[in-house]
Each structure stands twice: as C-alpha cells, then as structure tokens.
Undergrad: 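Would you mind keeping the following structure in view while I ask a few things?
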Amino acid sequence: DSDRINIAIDGPAGAGKSTVARKVAEQLDYIYIDTGAMYRAVTLSAQRAGIEPRDSEKLSVHARTLDIKLAPGENGQAVFLNGENITDLIRSREVTLAVSHIAANETVRELLGRLQRQLAESKGVVMDGRDIGSHVLPDAELKIFLTASVQERAQRRFKEIAATQSITLEQLEQEIAERDRLDEQREISPLICAKDAIVLDSTSMSIDEVAALIVKLSRTKLAEAK
Ligand code: CDP
Ligand code: CDP
C-alpha cells in the first residue's frame, strides 16, 4: 500500500518526540504510537510486583504475563495495563527514574518490539522511541533523529512538570543526562541514530516548525513511494 508510509522518530529524552509525533500523526491522519509509554507500563507493573530491574529472570517472567494496550485518549494516547488505565501513573518520577533499567532487559525489549512491529504492519504509523529506526522498523520510509541540547531539553521538561513534581532544574538536567547515558550504552538496541535517519536539532525550533518539516518530508517520501 503506497498510500501510506511509516515514520520513525527517535532521540533523547525531552527532544519533543511525542509532542511532534502526535501533531504529525494528526496532520497526516496517521496513528501515533508512543513506545516509551510501553516501557513505562512494564516499569510500573514491575514496581508494583516488587521486582528489581537487575533481577532479569523474574522481570522476564513477569513481562510475559502483561497485556499492554494503547488507545486514542482525551489528551493524546491512553495506556492500559491488563485493562487498567495507567496513563497518568506512568509519568511519575519513580517510574521515570527506573524505566531505563527495565528497558535494558532483553525479554522486555523482544516482547515490546514484537508488539510495536505488529502495530505498524499496515503502515500509516508515526512511532516514537529510541530504537525505532535502527531496530524495530528498519524499513520505515522516513526516519527522524530528533535532538536538542540537554539544557534546552531539561528546561522544556521542567516547565511541564515543575507545578506537580518537586524537583530543581539542575536535578532534572542530571536525571535526563543519566537516562540518555543508560539508553545510549545498553547492549541491546541502544539509542542510536540510524544510518539513513535525518537529524533534526530542535534546540531553537518550535513544535509547529518541527512538525511542519516532518510532514513536508513525509509528503516527499510518499510521492517517491508512488
Ligand atoms: O518521554 P521521555 O523522553 O521522558 O521518555 P519515553 O519516551 O517515555 O521513554 C522512557 C524510557 O523508555 C527511555 O528513557 C528508554 O529507557 C525507554 N525506551 C526504550 O528503551 N526504547 C524505546 N523505543 C522507547 C523508550
Ligand atoms: O517525547 P520527548 O521526551 O522527546 O519530548 P516531549 O515530551 O514531546 O517534549 C518535552 C516538552 O518540550 C513538552 O512540554 C513540549 O511541549 C516541549 N517542546 C518545546 O517546547 N519545543 C519543541 N520544539 C518541542 C517540544
């Protein structure tokens, strides 16, 4: 079906991936898939079960029992774990601090990767994450690697959460840098810029500018695919 393509958007934390991916999906009438939310769902579930990320055996067994679903929600995408709506719960600081450790588990990555590929099978998907262009959807027609300086990314996140979470800008910048380091250095499908990805530095770009650029790039790819 050459009427639709798949778009992969990868990059470090706070680069604007999910905000931009949602807009692009809206404008193209595509489906947005937030793969970070899936890793967050597994993290929440493991925490509830008292499983440590380093206990990889237990974590693998636990992960196999989970039913994770994404559905269009009021403010973007809702996330369900075994039927429970956990959309807000997965944004807690506790989950954010642990997620990169859980995401290093091989079984967790295999399971979620498989689910992500299934969701993209019929094309027309905008998927954001860390390893989408490099590993999950290596044949995606358009791959974007979205970055911004760590200071800018921390500031963006700070504006978003300062009202509800007690954390300083400096702390947040450190935590983001640490999460990037873990994501870049893990053995299995790390955060990496795919060879054929287009790098977009959004440090001094607005959300609408980035989204418009990606929509334009996808229209070019669509024309090529015909
Ligand atoms: O939105 P934010 O950048 O804070 O993070 P996220 O996209 O929700 O992803 C949370 C974490 O999940 C990342 O820091 C990675 O450790 C992991 N992740 C991953 O390993 N692979 C993906 N495709 C997506 C997320
Ligand atoms: O998904 P990711 O972690 O890459 O980032 P995000 O959650 O989409 O964006 C983090 C914050 O930066 C959000 O509050 C966005 O509104 C904001 N943002 C921005 O101010 N300017 C951009 N060009 C992109 C995002």
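Note that ligands are numbered from 1 as they come in the structure, with each ligand's atoms numbered from 1 the same way. All values below were derived from every heavy atom in this structure, side-chain atoms included, with hydrogens, water molecules and symmetry-related copies excluded.
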Undergrad: Which protein heavy atom lies closest to atom 5 (O) of ligand 2, and at what distance to 0.1 Å?
TA: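 In this structure, atom 5 (O) of ligand 2 has Gly16 N, 3.0 Å as its nearest protein heavy atom.
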Undergrad: Whether the side chain of Glu94 engages the backbone of Gln47 through a donor-acceptor N/O pair (distance < 3.5 Å, no angle test) should be reported.
TA: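 Not at all, since once roles are kept as given, no pair shorter than 3.5 Å links the two residues.
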Undergrad: If the threshold is 4.0 Å, N to carboxylate O, is there a salt bridge linking Arg117 and Glu121?
TA: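 Salt bridge flag = no for Glu121 with Arg117.
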Undergrad: Does Arg181 come within less than 4.0 Å of Glu178, counting only side-chain N to carboxylate O?
TA: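 Yes, this pair counts.
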Undergrad: Below 3.5 angstrom, do we get any N/O pair linking Ala15 and ligand 2?
TA: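 Yes; the residue has a nitrogen or oxygen that sits under 3.5 Å from a nitrogen or oxygen of the ligand.
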Undergrad: Can you find an N or O of Thr19 that's nearer than 3.5 Å to an N or O of ligand 2?
TA: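 Min N/O separation from ligand 2 is below 3.5 Å for Thr19.
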Undergrad: Of the protein's non-hydrogen atoms, which lies at the shortest distance from atom 12 (O) of ligand 2, and what is that distance?
TA: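 Nearest protein contact, heavy atoms only, for atom 12 (O) of ligand 2 is Arg156 CB, 3.1 Å.
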Undergrad: Around atom 23 (N) of ligand 1, find the nearest protein heavy atom and jot down its residue, atom name and distance.
TA: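 Here the closest protein heavy atom is Asp131 OD1, 2.8 Å.
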Undergrad: Keeping Ser202 on the side-chain end and Ile207 on the backbone end, is there a donor-acceptor pair under 3.5 Å?
TA: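 No, because the side chain of Ser202 does not come within donor-acceptor range (under 3.5 Å) of the backbone of Ile207.
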Undergrad: Are the charged groups of Lys143 and Asp10 less than 4.0 angstrom apart, N to O?
TA: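 Judged by the 4.0 Å cut-off on N to carboxylate O distance, Lys143 and Asp10 do not form a salt bridge.
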Undergrad: With a cutoff of 4.0 Å, is Arg186 in contact with ligand 1, counting heavy atoms of the residue only?
TA: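 So Arg186 counts as touching ligand 1.
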Undergrad: Rounded to the nearest 0.5 Å, what's the gap from OG1 on Thr96 to CD1 on Ile167? Could you check?
TA: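 The CD1 atom of Ile167 is 9.0 Å from OG1 of Thr96, to the nearest 0.5 Å.
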Undergrad: Is there a donor-acceptor pair closer than 3.5 Å between any side-chain N or O of Asn6 and the backbone N or O of Ala120?
TA: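 Pair found, side chain donor or acceptor close to backbone of Ala120.
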Undergrad: Look only at interatomic distance and state if Ser100 has a nitrogen or oxygen under 3.5 Å from any nitrogen or oxygen of ligand 1.
TA: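 Yes, Ser100 has an N/O under 3.5 Å of an N/O on ligand 1.
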Undergrad: Which residue and non-hydrogen atom of the protein lie closest to atom 14 (O) of ligand 1, and at what distance in Å?
TA: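 The closest heavy atom on the protein side is Asp183 OD2, 2.7 Å.
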Undergrad: Any idea which atoms of ligand 1 are less than 4.0 Å away from a heavy-atom of Arg40?
TA: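 Checking each atom against Arg40, I get 2 (P), 4 (O), 5 (O), 6 (P), 8 (O), 10 (C).
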Undergrad: Quick one: look up the protein heavy atom nearest atom 18 (N) of ligand 1 and list residue, atom name and how far away it is.
TA: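 Protein heavy atom with the smallest distance to atom 18 (N) of ligand 1: Tyr39 CD1, 3.6 Å.
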Undergrad: May I ask you to list the atoms of ligand 1 that are less than 4.0 angstrom from any heavy atom of Ala103?
TA: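 Contacts of ligand 1 toward Ala103, numbered from 1: 16 (O), 17 (C), 20 (O).
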Undergrad: Mind checking whether Lys17 contacts ligand 2 via backbone (N, CA, C, O), side chain (CB onward), both or neither, at a 4.0 Å heavy-atom cut-off?
TA: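 The answer is both.
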Undergrad: Please write down residue, atom name and distance for the protein heavy atom closest to atom 11 (C) of ligand 2.
TA: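 Here the nearest protein heavy atom works out to Glu160 OE2, 3.5 Å.
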Undergrad: Under 4.0 Å between a Lys/Arg side-chain N and an Asp/Glu carboxylate O for Glu160 and Arg157?
TA: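 Salt bridge between Glu160 and Arg157, a charged N being under 4.0 Å from a carboxylate O: yes.
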Undergrad: Answer side chain, backbone, both or neither: which part of Ser206 comes under 4.0 Å from ligand 2, heavy atoms only.
TA: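 Backbone only; the side chain of Ser206 stays clear of ligand 2.
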Undergrad: Among all protein heavy atoms, pick out the one at the shortest distance from atom 20 (O) of ligand 1; state its residue, atom name and that distance to 0.1 Å.
TA: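 Nearest neighbour among protein heavy atoms for atom 20 (O) of ligand 1, to 0.1 Å: Arg109 NH1, 2.8 Å.
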Undergrad: Counting heavy atoms only, name the option from Val108, Ile102, Leu191, Thr35 that's nearest to atom 24 (C) of ligand 1.
TA: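 That would be Thr35.
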Undergrad: Touching ligand 2 at all, Gly14? Heavy atoms, strictly under 4.0 Å?
TA: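 Gly14 counts as a contact of ligand 2 under the 4.0 Å cut-off.
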Undergrad: Just need the protein heavy atom nearest to atom 7 (O) of ligand 1, so name the residue and atom and give the distance.
TA: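 Minimum-distance protein heavy atom for atom 7 (O) of ligand 1 reads Arg130 NH1, 3.2 Å.
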Undergrad: Is the shortest distance from a Lys or Arg side-chain nitrogen in Lys221 or Asp196 to a carboxylate oxygen in the other one below 4.0 Å?
TA: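 No.
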Undergrad: For Val99, does its backbone N or O pair with a side-chain atom of Arg40 as donor and acceptor, under 3.5 Å?
TA: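 Not confirmed, Arg40 side chain does not pair with Val99 backbone.
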Undergrad: Decide, yes or no, whether a salt bridge links Asp183 with Arg186 under the criterion of side-chain N to carboxylate O below 4.0 Å.
TA: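 Salt bridge flag = yes for Arg186 with Asp183.
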Undergrad: Give me the residue, atom name and distance of the protein heavy atom closest to atom 1 (O) of ligand 1.
TA: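 Sorting protein heavy atoms by distance from atom 1 (O) of ligand 1 puts Arg157 NH2, 3.3 Å first.
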Undergrad: Give the C-alpha distance, both sets of side-chain angles, the deciding distance and a yes or no for side-chain hydrogen bond (donor to acceptor under 3.5 Å, both in side chains) between Thr203 and Arg153.
TA: CA-CA 8 Å; Thr203 306; Arg153 292 187 282 118; over 6 Å; no
Undergrad: With a heavy-atom distance limit of 4.0 Å, tell me whether Arg179 approaches ligand 1 through its side chain, its backbone, both, or neither.
TA: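 Contact part for Arg179 vs ligand 1: side chain (C-beta onward).
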Undergrad: Polar contacts were defined as any N/O atom of the residue lying under 3.5 Å from an N/O atom of the ligand; does this apply to Val210 and ligand 2?
TA: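 Such a contact does not occur with ligand 2.
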Undergrad: If you have a sec, work out which protein heavy atom is nearest atom 16 (O) of ligand 2 and how many Å separate them, to one decimal?
TA: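 Ranking protein heavy atoms by distance from atom 16 (O) of ligand 2, first comes Ile207 CD1, 3.4 Å.
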Undergrad: Any heavy-atom pair between the side chains of Ile31 and Leu119 that's under 4.5 Å?
TA: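 Not touching, per the 4.5 Å side-chain cut-off.
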Undergrad: Between Glu26 and Arg22, is a salt bridge (charged side-chain N to carboxylate O under 4.0 Å, His left out) present by the stated rule, with each step listed?
TA: CA-CA 6 Å; Glu26 239 171 58; Arg22 196 176 304 138; over 6 Å; no
Undergrad: So which bit of Met205 gets within less than 4.0 Å of ligand 2, heavy atoms only: side chain, backbone, both or neither?
TA: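 Answer for Met205: backbone.
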Undergrad: Give a yes/no on ligand 1: does Met38 have at least one heavy atom closer than 4.0 angstrom to it?
TA: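 Met38 does not count as a contact of ligand 1 under the 4.0 Å cut-off.
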